[in-house]
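Read the numbers this way: they start at 1 and go in the same order the structure lists the ligands and their atoms. Heavy atoms only: backbone and side chains are in, while hydrogens, waters and symmetry mates are out. Please read these numbers as outputs of a predicted model, since none were measured by experiment.
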Amino acid sequence: MYKINEVFETIQGEASFTGTPSIFLRLQGCPVGCSWCDTKQTWDVDNVYKVSLDETVEKKADSDHWANASAEQILALFQSRGYTAKHVVITGGEPCMFDLNPVCNLLHEHGFSTQIETSGTFEILAPEQTWVTVSPKINMRGGYEVLTSTMKRANEIKHPVAMQKHVEELEELFAKTGVNPKLVYLQPISQKVSATKLAIDTCIAKNWRLSIQVHKYLGIS
Ligand SMILES: C[S@@+](CC[C@H](N)C(=O)[O-])C[C@H]1O[C@@H](n2cnc3c(N)ncnc32)[C@H](O)[C@@H]1O
Ligand SMILES: Nc1nc2[nH]cc(C(=O)O)c2c(=O)[nH]1
Ligand code: SF4
Ligand SMILES: [Mg+2]
């Protein structure tokens, strides 16, 4: 069973798949503790907030309500909602606290492509074809470490930045893990002007890429 915070169809607003119509599957639970996390409502799994799957799909605002669903129920939900997107982004919370093989395999069998958004602090249990976006979380409050195995598995790295220190920590992580990723995105934290300037200047200096959270500028989910 997966713990579902919300399901919605929108445009992927971050990194390589920006602009791609996507179904977002947001899973509940994350112990990593990033102070600037934009989805804090997914951190705790409280039984008081357990609801039916329909109630997690029909959310009008962020909430810590969640529902249990199997891979089959998730597929049936996508089909019954009449979604047209064929790309599924599994995010959270921290989705890699779950074994994502069953849901990804089932979705692949039904013609969907899959992508995972992860902090890199849990082993990734997902098929080869799944696109993995690792957003490595360094020195966060929860005390979790980025695993070398997740850095190696990543198809792209997407690093939120607001200070020069964040850039240095990323380069130290590359050196420590011996991973030299082909696709590195910097994502300004919370659309701040100074963070955006830092990201632009660093991307040009290092020939990395810029990921702005397009959905936030558009005011869509
Ligand atoms: C909310 S996280 C959920 C998935 C997973 N826990 C992770 O951190 O990758 C999804 C993406 O949003 C990024 N993110 C979270 N809060 C942000 C913020 N305030 N500004 C920019 N990016 C943010 C994360 O780094 C991650 O790339
Ligand atoms: N449009 C849109 N694109 C996104 N890309 C990553 C997201 C996330 O919360 O993981 C996200 C999100 O919440 N909305
Ligand atoms: S790892 Fe992801 S979901 Fe967890 S606190 Fe950090 S940004 Fe938020
Ligand atoms: Mg988001």
Side-chain angles (χ1 to χ4, degrees), residues 2-46 56-57 59-64 66 83-98 100 113-124 126 130-147 150-151 154-162 166 169-170 173 183 185-192 195 209-221:
Y2 298 100
K3 294 185 181 1
I4 315 293
N5 174 275
E6 59 177 343
V7 178
F8 56 100
E9 188 177 45
T10 187
I11 299 287
Q12 168 59 291
E14 303 179 17
S16 298
F17 279 90
T18 296
T20 308
S22 306
I23 303 168
F24 276 75
L25 182 63
R26 192 179 301 288
L27 303 184
Q28 190 75 21
C30 181
V32 177
C34 308
S35 57
W36 39 260
C37 176
D38 61 8
T39 53
K40 290 191 167 120
Q41 74 279 9
T42 63
W43 287 9
D44 297 331
V45 180
D46 189 334
T56 65
V57 181
K59 275 188 183 167
K60 297 276 180 283
D62 292 346
S63 82
D64 31 21
W66 60 275
Y83 292 143
T84 48
K86 292 307 250 178
H87 186 66
V88 178
V89 180
I90 307 174
T91 184
E94 179 40 65
C96 291
M97 293 173 74
F98 296 85
L100 300 174
S113 54
T114 57
Q115 174 178 6
I116 299 171
E117 302 269 357
T118 179
S119 61
T121 58
F122 289 82
E123 261 340 314
I124 298 164
T130 299
W131 182 272
V132 175
T133 304
V134 171
S135 182
K137 298 306 175 330
I138 306 160
N139 298 328
M140 295 304 168
R141 277 199 304 248
Y144 285 80
E145 295 253 334
V146 179
L147 307 176
T150 66
M151 290 297 289
N155 296 97
E156 65 185 5
I157 302 294
K158 180 179 64 190
H159 197 54
V161 291
H166 298 137
E169 284 171 342
L170 182 64
L173 181 68
L183 281 176
Y185 286 85
L186 295 184
Q187 181 159 290
I189 291 177
S190 301
Q191 302 78 56
K192 289 204 187 90
R209 297 188 183 189
L210 179 69
S211 171
I212 58 163
Q213 294 180 291
V214 168
H215 50 295
K216 294 191 183 172
Y217 288 90
L218 296 175
I220 61 173
S221 55

inquiry  = Under 2.8 Å from atom 8 (Fe) of ligand 3, is there any N, O or S atom belonging to Cys34?
reply    =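 No, outside the cut-off.
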request  = Decide whether the shortest distance between a heavy atom of Gln213 and an atom of ligand 2 is less than 4.0 Å.
outcome  = no
request  = Please state whether Thr10 comes within less than 4.0 angstrom of ligand 2, counting heavy atoms only.
outcome  = yes
For [atom], grab the closest protein heavy atom and report residue, atom and distance to one decimal in Å.
atom                    : value
atom 5 (N) of ligand 2  : Gln12 OE1, 2.5 Å
atom 8 (Fe) of ligand 3 : Cys37 SG, 2.3 Å
atom 3 (S) of ligand 3  : Gly93 O, 3.6 Å
atom 2 (Fe) of ligand 3 : Lys137 NZ, 4.1 Å
atom 11 (C) of ligand 2 : Phe24 CE2, 3.4 Å
atom 4 (Fe) of ligand 3 : Cys30 SG, 2.3 Å

query = Are Phe17 and His87 an aromatic pair by the rule of ring centers under 6.0 Å?
reply = yes
Using a 4.0 Å cutoff against the non-hydrogen atoms of [X], which atoms of ligand 3 qualify?
X      : answer
Trp43  : 5 (S), 8 (Fe)
Val32  : 1 (S)
Ser119 : 1 (S)
Gly33  : 5 (S)

message = Taking 4.0 Å as the limit for heavy-atom contacts, which would you say applies to Ser221 with ligand 2: side chain only, backbone only, both, or neither?
response = backbone
query = Thr91 heavy atoms, cut-off 4.0 Å: which ligand 2 atoms fall inside?
reply =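 The atoms of ligand 2 under 4.0 Å from a heavy atom of Thr91 are 8 (C), 10 (O).
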Between [Y] and [X], is there a side-chain heavy-atom distance shorter than 4.5 Å?
X     : Y     : result
Glu9  : Phe24 : no
Met97 : Lys3  : no
Gln28 : Ile4  : no

request  = Would you name the heavy atoms of Ile23 and Ala85 that are closest together and state the gap between them?
outcome  =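 That closest heavy-atom pairing would be CD1-O, 3.7 Å.
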key: Shortest non-hydrogen contact from Trp36 toward Pro160   =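 Smallest heavy-atom distance, with atoms named: CH2-CG, 3.6 Å.
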Ion pair [X]/[Y], N-O distance below 4.0 Å:
X      : Y      : value
Asp64  : Lys40  : no
Lys59  : Glu6   : no
Lys158 : Glu117 : yes

message = Just to be sure I'm reading this right: ignoring hydrogens, which of Arg26, Glu6, Lys216 gets closest to atom 9 (O) of ligand 2? Compare them by their nearest heavy atoms.
response =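 Comparing heavy atoms across Arg26, Glu6, Lys216, the nearest one to atom 9 (O) of ligand 2 lies in Arg26.
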task = Inspect the surroundings of CD in Gln191 and state if more than 12 heavy atoms from other residues, nucleotides or ligands are less than 6.0 Å away.
result = yes
ask   = Side-chain donor-acceptor pair under 3.5 Å between Glu169 and Asn139, yes or no?
value =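 Present: a donor and an acceptor within the cut-off.
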ask   = So is there a nitrogen or oxygen of Gly13 less than 3.5 Å from a nitrogen or oxygen in ligand 2?
value = yes
message = Taking distance alone, with N or O pairs closer than 3.5 Å, would you say Ile11 contacts ligand 2?
response = yes
